[in-house]
Visitor: 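A single structure is presented below for examination.
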There are 2 protein chains.
Amino acid sequence: MKNDGNSVNMAVVQRGYHHGDLRAALVSAGLELLKDRSVDDLSLREVARTVGVSATAVYRHFPDKQALLYALCEQGAAQLAHAQQEAMAAAGDGKSGFDETGRAYVRFAVANPALFRLMMTTRPPGGLLDADEGAVNAAMRLLRQNIASLLPPGATDDELRMATIKSWALVHGLAMLMLDGQVPADERIIDALTRPFAGEC
Amino acid sequence: MKNDGNSVNMAVVQRGYHHGDLRAALVSAGLELLKDRSVDDLSLREVARTVGVSATAVYRHFPDKQALLYALCEQGAAQLAHAQQEAMAAAGDGKSGFDETGRAYVRFAVANPALFRLMMTTRPPGGLLDADEGAVNAAMRLLRQNIASLLPPGATDDELRMATIKSWALVHGLAMLMLDGQVPADERIIDALTRPFAGEC
DNA sequence: CGCTTTATGTTTACAGCGATAACATGAAGA
DNA sequence: TCTTCATGTTATCGCTGTAAACATAAAGCG
């Protein structure tokens, strides 16, 4: 007999054999752990342990670790989209509202570094930009709509696409550089770079 | 006795007990492996195996795995700086030369995804931007000089700094989005976004 | 030359990981 | 009530990073 750390033993008592909604519990525990851990340091076993369940129970709800991480992404994407919508609503529509979505993007990244990084490295096949369903893409749709409304009326689809990518690249680059510690996560820098935000020059 | 896969056994014969320059061999094997593996899938043991040496031999040259990875970063940074300098030299100085350094940056990232990502996540204390020694920062110095030469003469240090960050963020964001598959790694997109490259609008 | 030190290899071992297989429990439907 | 099946469990595997103890051979010194 070799106990490898998979078991729970006595903890089972205070819960009953079945959990109720283990899937949701795992996701929420995962998000919690990501607040002070990098993705690499997040183990499936630790998530299970946090919830008080054996490691292999996870496999009843997710085919593998990657699938669990993807579920965390979906939650994160919903949170990001929500933050952006709130930021825009608070500033009113138009140009300054658009700038605010960019700031919200960077702030979200800085506030949730591990989750944000996970979201950006874990992608649905095809990429976020051209996908068009799921909570993951609400943020993308918002970005494209905003840019469309700011471009001159005669703009081609290609111009719209390029302007979208440019805006996204700018905020995304700033976010990543701050996450990686290459640029200080300074509110002043965020403001300055997102002011005349994007492709309208 | 339990053989855990650490040993080399007969391979020792065809090499002699001592290697000669194991450190360099490990670095070059690591870079080679990173060409078709993500950083997460690169194990210290595999690097050692590739070189034909026991896993623990690595520890004679690097205190831990992270230190080995950092050595890979230094090599990568040197390569990136070189690519940028070549690109600029080929295009001549001035604005179009500057644009070319941006393109070289994105192209390097797309051509060496795992290495580039490693470089950007593994940072010297303080970040690349404000560091001022080592091969790692040649690229940064080049960027700042270029921006300085393009700004109006009366620009303040702060304006210079902001313009530097903005340019870097734009190319970096584009590079990351392409690496993550969020934007297709299309030469046309790279060209379009790096043309009126940066903060001169 | 021979002897000793030291750099650089080796094996062995361990705890933690993701994942599979076999078994246990208990809620739901017949 | 009996059976089925979703959802738990333990045991085990091969892999990882890393430490400790041991082996080899090159370098320095008499």
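Convention: sequence-line order gives letters A, B, ...; per-chain numbering from 1. Everything numeric in this text was worked out from a predicted model, so none of it was measured.
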Visitor: Please find the pair of heavy atoms, one from A:Ser54 and one from A:Ala48, that lie closest to each other, and give the distance.
Guide: O-CB, 3.8 Å
Visitor: Could you list the donor-acceptor pairs under 3.5 angstrom formed by side chains in residues 79-88 of chain B, with sequence neighbours left out?
Guide:
unit_1, atom_1, unit_2, atom_2, d
B:Gln84, NE2, B:Thr101, O, 3.2

Visitor: When rounded to the nearest 0.5 angstrom, what is the spacing between CG in B:Leu31 and CG in B:Asn112?
Guide: 9.0 Å
Visitor: Using a strict heavy-atom distance below 4.0 Å, which residues from residues 28-42 of chain A are in contact with DNA chain D?
Guide: none
Visitor: B:Leu44 CG to C:dG16 C1': how many Å, rounded?
Guide: 16 Å
Visitor: Would you kindly give the CG-to-C1' distance between A:Leu69 and C:dA19, to the nearest whole Å?
Guide: 15 Å
Visitor: Return the residues of residues 55-66 of chain B meeting this criterion: a heavy atom under 4.0 Å from some atom of DNA chain D. Order them by number, or give none.
Guide: B:Thr56, B:Tyr59, B:Arg60, B:Asp64, B:Lys65
Visitor: Separation of B:Asp21 atom CG from C:dA7 atom P, in whole Å?
Guide: 17 Å
Visitor: Hey, does the side-chain of A:Arg45 have a donor or acceptor N/O within less than 3.5 Å of a partner on the base of C:dG18?
Guide: yes
Visitor: Can you measure B:Glu46 atom CD to D:dG14 atom P for me and round it to whole angstrom units?
Guide: 18 Å
Visitor: Rounded to whole angstrom units, what separation is found between the CG atom of B:Leu26 and the P atom of D:dG17?
Guide: 13 Å
Visitor: Once side-chain hydrogen bond (donor to acceptor under 3.5 Å, both in side chains) is applied, do any residues pair with A:Glu187, and if so which ones, sequence neighbours excluded?
Guide: A:Arg107
Visitor: Of all residues at least two apart in sequence or in a different chain, which pass the side-chain hydrogen bond (donor to acceptor under 3.5 Å, both in side chains) check with B:Glu32?
Guide: B:Lys35
Visitor: Partners of B:Asp21 by side-chain hydrogen bond (donor to acceptor under 3.5 Å, both in side chains), sequence neighbours excluded?
Guide: none
Visitor: State which residues pass ring-ring contact (aromatic ring centres under 6.0 Å, His included) with A:Phe108; sequence neighbours excluded, sorted by chain then number.
Guide: none
Visitor: Applying salt bridge (charged side-chain N to carboxylate O under 4.0 Å, His left out), which residue pairs with at least one partner in residues 42-60 of chain A are found, sequence neighbours left out?
Guide: A:Arg37-A:Glu46
Visitor: What does A:Arg23 touch in the nucleic acid at a heavy-atom separation under 4.0 angstrom: a base, only the sugar-phosphate, or nothing?
Guide: nothing
Visitor: Quick one: side-chain hydrogen bond (donor to acceptor under 3.5 Å, both in side chains) partners of B:Asp158, sequence neighbours excluded?
Guide: A:Arg188
Visitor: Please determine whether a side-chain nitrogen or oxygen atom of B:Ser43 lies at a distance below 4.0 Å from atom OP1 or OP2 of D:dT16.
Guide: yes
